[in-house]
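See structure below.
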Amino acid sequence: MKRHSIQTYRRIIQIGVAVTFIILPLLNQLGFTFIWGNFLNIHIGPLNLTDPLAVLQITLKNQYFPPRLLMSTGIILIIAMCFGTIFCSWICPFGLLSELAHGLAKRILPDTFKKLNFQNSGFKIKIYILASGLLFLFLFCTTPVINQLSMPSWYSQIFQYLFIQKHISFAVLFVAAILFAEFISRNRLWCRYICPQSFLLVIAKLLNPFHLKVVYRKEKCISNKNNNPCQKACSLGLDPKTLNNLLETECNNCGDCVVACKKLGNALNFQFRHFL
Ligand code: SF4
Ligand code: SF4
């Protein structure tokens, strides 16, 4: 029997989540209330999950941390502490769209559209964006303003606006423009350099030195400079062989490089750091 790769399972879950958030507003209107909400705050039966970035802003602005939020956001952070930023690679619908745009660009754009070579660490840029957002929040706002840059949140709200309030949100244009820019540049610009949504997940991951990560075993590697399937497989443009601490902040444990490597020397694998 054919064994499916982690890529297959990942894609099924990504698509499942993306479709769920399309039909959820319709189901809610028909009386289904077991799951309701969006990527800012979702209720699944008795479980309530709240976006950590929104909680951070509410807490800092009001200088008060409602205990009920500890549970609702803590679950998300604990998962990131153990498994890294798998929210980005397995759950986020914008991540799925961004991956698809990137894959399409790789297939159909001519070679003249060479991939732009962005050298800077995306994480450093995100620090500036988050700091600016927090400053703006303190000076001018009372609501979690940084979430205006939350693509998963916009994705889910687009369908809430469409099916519940019966109008098309301008966010559609915003999302489409970003995807087009990523397509043309052949680079996952938003996820690597801008999205503040993943910032706290990265921090949570870094707080746990034993989190799940991609490990490279040089002695098993049989590729050469001209044949680097793991690097080619990474839609974020990372080189899994040289994931230092800074670049590792950007790896979302999607496993595409691990799958590509399995066909060769099996030099890349997921491991919890503890076992190294
Ligand atoms: S970086 Fe942001 S937009 Fe990209 S996959 Fe992660 S949460 Fe989604
Ligand atoms: S380095 Fe590997 S696991 Fe990390 S994002 Fe790139 S392909 Fe995915």
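Whatever order the structure lists them in is the order used to number ligands and atoms, beginning at 1.
- No side-chain heavy atom of W154 sits less than 4.5 Å from a side-chain heavy atom of F39.
- Residue F170 qualifies as open at atom CZ: its count of foreign heavy atoms under 6.0 Å is 12 or below.
- In the vicinity of G255, heavy-atom distances shorter than 4.0 Å reach the ligand 2 atoms 3 (S), 8 (Fe).
- Panel note: side chain S98, backbone F94; no donor-acceptor pair is recorded below 3.5 Å.
- Of all atoms in ligand 1, numbered sequentially from 1 with element shown, those under 4.0 Å from a heavy atom of F87 are 7 (S).
- Residue S198 has at least one heavy-atom neighbour below 4.0 Å for each of these atoms of ligand 1: 1 (S).
- Under a 4.0 Å criterion applied to the non-hydrogen atoms of F94, ligand 1 contributes the atoms 3 (S).
- Nearest protein heavy-atom contact of atom 6 (Fe) of ligand 2 is C234 SG, 2.3 Å.
- With a 4.0 Å cut-off on non-hydrogen atoms, C92 touches ligand 1 through its side chain and not its backbone.
- Between the side chains of R10 and Q7, no donor N or O sits under 3.5 Å from an acceptor N or O.
- For a distance bound of 2.8 Å, the N, O or S atoms of C251 include none lying that close to atom 2 (Fe) of ligand 2.
- Every atom of ligand 1 is numbered from 1 in the order shown, and the set under 4.0 Å from a heavy atom of C191 is 1 (S), 3 (S), 4 (Fe), 5 (S).
- Of all atoms in ligand 2, numbered sequentially from 1 with element shown, those under 4.0 Å from a heavy atom of C257 are 1 (S), 2 (Fe), 3 (S), 7 (S).
- The nearest N, O or S atom of C254 is closer to atom 8 (Fe) of ligand 2 than 2.8 Å.
- Other residues, nucleotides and ligands place more than 12 heavy atoms under 6.0 Å from the CZ atom of F138.
- More than 12 heavy-atom neighbours from other residues, nucleotides or ligands sit within 6.0 angstrom of NZ on K166.
- Within ligand 1, the atoms closer than 4.0 Å to a non-hydrogen atom of C88 are 1 (S), 5 (S), 6 (Fe), 7 (S), numbered from 1 in the order shown.
- The contact set between ligand 1 and C195, taken as ligand atoms under 4.0 Å from a residue heavy atom, comprises 1 (S), 2 (Fe), 3 (S), 7 (S).
- Q157 and S153 share a donor-acceptor pair across their side chains, judged by distance under 3.5 Å alone.
- Contact atoms of ligand 2 toward V214: 3 (S) (distance under 4.0 Å to a heavy atom of the residue).
- Around CD of Q63, the count of heavy atoms belonging to other residues, nucleotides or ligands within 6.0 Å does not exceed 12.
- A donor-acceptor contact under 3.5 angstrom links the side chains of K126 and S198, judged on distance only.
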